[in-house]
Amino acid sequence: MSEDKSLNFIEEIVEADLNIGKYQSILTRFPPEPNGYLHIGHAKSICLNFGLAKKYGGKTNLRFDDTNPSTEETEYVDSIKEDVKWLGFEWAAELYASNYFEQIYQFAVQLIEKGLAYVDDSNSETIALEKGTPTQPGIENAFRSRSITENLQLFADMRAGKYKDGEKVVRAKIDMGSPNMHMRDPIIYRIKHAHHHRTGDAWCIYPMYDFAHGQSDSIENITHSICTLEFIPHRPLYDWCIEKLEIFPSKQYEFARLNMTYTVMSKRKLLQLVNEQHVNGWDDPRMSTISAMRRRGYPAESIREFCDKIGVAKRENLIDLSLLEFCVRERLNKTAMRRMVVFDPLKIVITNYPNTTEYLESENNPEDLSTGTRSIPFSNVIFVEKDDFMEVAPKKYFRLSPGQMVRLKSAYIIKCDDFIKDQDGNIVELHCSYIPESKSGSDTSGINVKGTLQWVNAATAIKAEIRLYDRLFKVEDVANAEGDFKDYINPDSLQIIANAYAEPALKTDNADVAFQFIRKGYFVIDRDSTHDQLVFNRTVNLKDGWAKEAKKA
RNA sequence: UGCCUGAUAGUAUAAUGGCAGUACGACUGUUUUUGGUACAGUUUGUCUUGGUUCGAAUCCAGGUCGGGCAACCA
């Protein structure tokens with residue numbers, strides 16, 4: 001595979017464990033909570049967990065961390081499975097923390113029996129108060145010294161539904177004076193009379209994250225439990241539970257989560273964008289979700305390549321969105337079918353061309369000639385892009401202006417002879433003459449032109465709606481920007497071109513292929529498309545050297 | 001002010017006591033029937049102070065700066 005590439009710190013740990021024979025093979029897991037859609041940050045974790053197993057001949061479980069029934073839904077379970085599959089990964093087993101509720105309950109009973117857990121009747125405010133602060137130790141309350149028998153009975157009563165939400169909790173008895181807040185008798189079970197998307201109403205008590213995650217890892221014999229940096233303070237608790245319960249010693253390792261410029265990555269914020277309709281749903285192509293990127297046309301390969309490029313480390317990071325876009329372009333350049341589309345049409349009459357239609361051949365992809373060619377109609381009335389003409393051209397402008405020549409892609413060289421304006425002074429039509437011996441593929445004219453334009457034959461053009469997406473936010477580091485993140489939403493993140501003119505081949509092209517509209521960018525057919533109305537999403541634009549040049553002037 | 005954690009080019013990431021390298025970006029140029037692609041080249045870096053050492057990005061000590069931790073969320 002990638003023998004010459006250096007290992008990240010987790011790969012080093014895995015190799016070391018394998019080399020000393022600590023494990024025969026590794027088992028990782030991807031453990032999402034089904035309370036939202038997966039985003040590009042999850043993709044990093046997916047690629048890491050599944051990638052590790054793939055590289056070292058191990059396996060990966062997909063485990064839903066469904067211990068909080070009030071936020072979780074089957075809709076999210078389904079979307080998560082679809083996204084992981086689409087990214088190209090196969091899980092060894094589809095599992096749920098809720099599968100283990102009985103076993104986890106028994107774990108808590110064991111802790112109580114060992115005198116290591118107790119039922120606390122305090123309300124949440126009191127518990128928070130007694131926990132102290134990071135600089136002040138907490139205090140032990142009277143419930144802490146309840147007898148094992150009483151604790152056992154109370155816990156059974158909790159399960160039996162004798163108490164209302166919040167009336168009692170079970171806490172691990174660890175150390176109220178610990179410098180680590182998570183070790184100050186953490187709550188491990190709470191009462192929640194809520195319907196669970198899988199276990200229904202079988203339970204009214206649910207384990208907390210810290211008493212479900214490590215336990216689930218251990219039950220599954222996960223060797224390397226990989227999570228993000230914010231769980232570092234949880235690790236002593238993770239290890240404490242495993243030690244006291246005397247169960248399989250899974251080990252937790254932490255890496256830095258992905259942050260990306262011009263976007264948000266937290267489920268809370270993404271949910272807010274959806275609920276307040278700043279975007280049109282979880283898969284709005286401007287979102288950072290996997291489903292949005294899929295809809296927008298980002299290939300799964302590009303996302304995997306991106307995750308590989310950004311690496312895995314413990315340092316906080318903010319990755320340029322442009323790196324993801326680079327990965328998308330790199331892939332699409334090799335695979336996308338070239339087509340010609342004009343967004344903002346300017347009519348050209350080719351005055352010396354006969355009143356007939358000619359069919360011209362054009363390659364589908366110059367990077368991959370095996371994709372063949374297609375036939376494009378050409379006649380004496382065509383459309384080009386309005387900004388491919390300037391009445392007074394600046395220097396280094398290689399497009400149309402009075403007297404200037406350009407090549408029409410896969411067709412002829414034309415010369416601009418005249419232009420027509422309406423009464424408001426807008427250019428409405430160009431009169432050009434073509435060079436008959438300059439036909440593409442058999443050019444004997446000897447003329448060299450600097451510019452080549454895409455064009456569409458007026459009589460056979462089909463209309464299409466084009467959706468152009470820009471970054472959703474106006475600032476690079478949205479999460480750390482002052483104030484409400486919604487204040488930084490880019491009002492121009494979606495531009496719709498209702499009536500673009502496209503070459504007729506697009507009408508019969510398959511719906512699932514990627515296109516490059518020549519000189520415009522990469523596009524895919526959106527699912528909103530109908531038989532009569534084609535709708536395209538711009539996946540990503542092309543690099544635009546001229547825009548840079550023009551900006552300098 | 002407690003505990004935990006981190007700091008290498010604009011952004012990421014490698015070098016595991018022995019020539020600071022790679023990718024993206026930026027900038028030049030060549031090629032080009034996409035101002036795309038490809039190719040060639042240029043540019044910019046070890047947070048700081050001291051110590052150990054023949055030799056320190058790496059080890060040690062202090063400082064500075066960043067991130068996390070006080071949910072019956074995960």
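All chains are named by letter (A, B, ...) in the order of the sequence lines, taking the proteins before the strands, and each is independently numbered beginning at 1.
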Identify whether the distance between the nearest side-chain nitrogen and carboxylate oxygen of [X] and [Y] falls below 4.0 Å.
{"X": "A:R338", "Y": "A:E367", "result": "no"}
{"X": "A:K168", "Y": "A:D157", "result": "no"}
{"X": "A:R198", "Y": "A:E72", "result": "no"}
{"X": "A:R184", "Y": "A:E140", "result": "no"}

Length of the line joining [X]:[atom1] and [N]:[atom2], which is rounded to integer Å:
{"X": "A:K543", "N": "B:C39", "atom1": "NZ", "atom2": "P", "value": "12 Å"}
{"X": "A:N8", "N": "B:A15", "atom1": "CG", "atom2": "P", "value": "10 Å"}
{"X": "A:N333", "N": "B:A38", "atom1": "CG", "atom2": "C1'", "value": "9 Å"}
{"X": "A:Y206", "N": "B:A74", "atom1": "OH", "atom2": "C1'", "value": "16 Å"}

Looking at [N], does its base get a donor-acceptor pair with the side chain of [X] below 3.5 Å?
{"X": "A:R407", "N": "B:U33", "answer": "yes"}
{"X": "A:H234", "N": "B:A74", "answer": "yes"}
{"X": "A:S440", "N": "B:U33", "answer": "yes"}
{"X": "A:E325", "N": "B:G25", "answer": "no"}
{"X": "A:R329", "N": "B:G36", "answer": "no"}
{"X": "A:E254", "N": "B:U5", "answer": "no"}

Practice item. Please name the residue in the list A:E75, A:K81, A:H197 that meets the side chain to side chain contact (heavy atoms under 4.5 Å, CB included) test with A:P34. Key: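 Only one option passes, and that is A:H197.
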Checking all strands, does [X] fall into the base, sugar-phosphate, or nothing category for heavy-atom contacts under 4.0 angstrom?
{"X": "A:K192", "result": "sugar-phosphate"}
{"X": "A:E367", "result": "base"}
{"X": "A:N123", "result": "base"}

**Study point:** A:R190 or A:L408, whichever maps to the more 5' nucleotide of RNA chain B
**Key:** A:L408
Check your understanding: Mapping A:I310 and A:L453 to their closest nucleotides on RNA chain B, which lands nearer the 5' end?
Key ->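 With A:I310 and A:L453 compared, the 5'-side residue is A:I310.
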Check your understanding: Counting only side-chain N and O atoms of A:R184, is one of them less than 4.0 Å from OP1 or OP2 of B:A70?
Key ->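 A:R184 to B:A70 OP1/OP2: no side-chain N or O under 4.0 Å.
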Exercise for review: Using the C1' atoms only, state how far B:A7 lies from B:C39, rounded to an integer number of Å.
Suggested key: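 Each nucleotide's C1' atom is 37 Å from the other's.
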Practice item. Sticking with atom P, work out how far B:G25 lies from B:G50, rounded to a whole angstrom. Key: 39 Å
Revision key, fill the gap. Paired runs of 3 or more consecutive Watson-Crick or G-U pairs involving RNA chain B, with both pairing distances under 3.5 Å, are B:2-7 with B:64-69, B:10-13 with B:21-24, B:26-30 with B:38-42, B:47-51 with B:59-63
Exercise for review: Over 60° means perpendicular and under 30° means parallel, so classify the ring planes of A:F517 and A:F536, tilted if in between.
Suggested key: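 A:F536 and A:F517: perpendicular rings.
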Exercise for review: May I ask you to check if A:R538 and A:Y522 form a cation-pi contact, with NZ or CZ under 6.0 angstrom from the six-membered ring centre and within 45° of the axis?
Suggested key: no
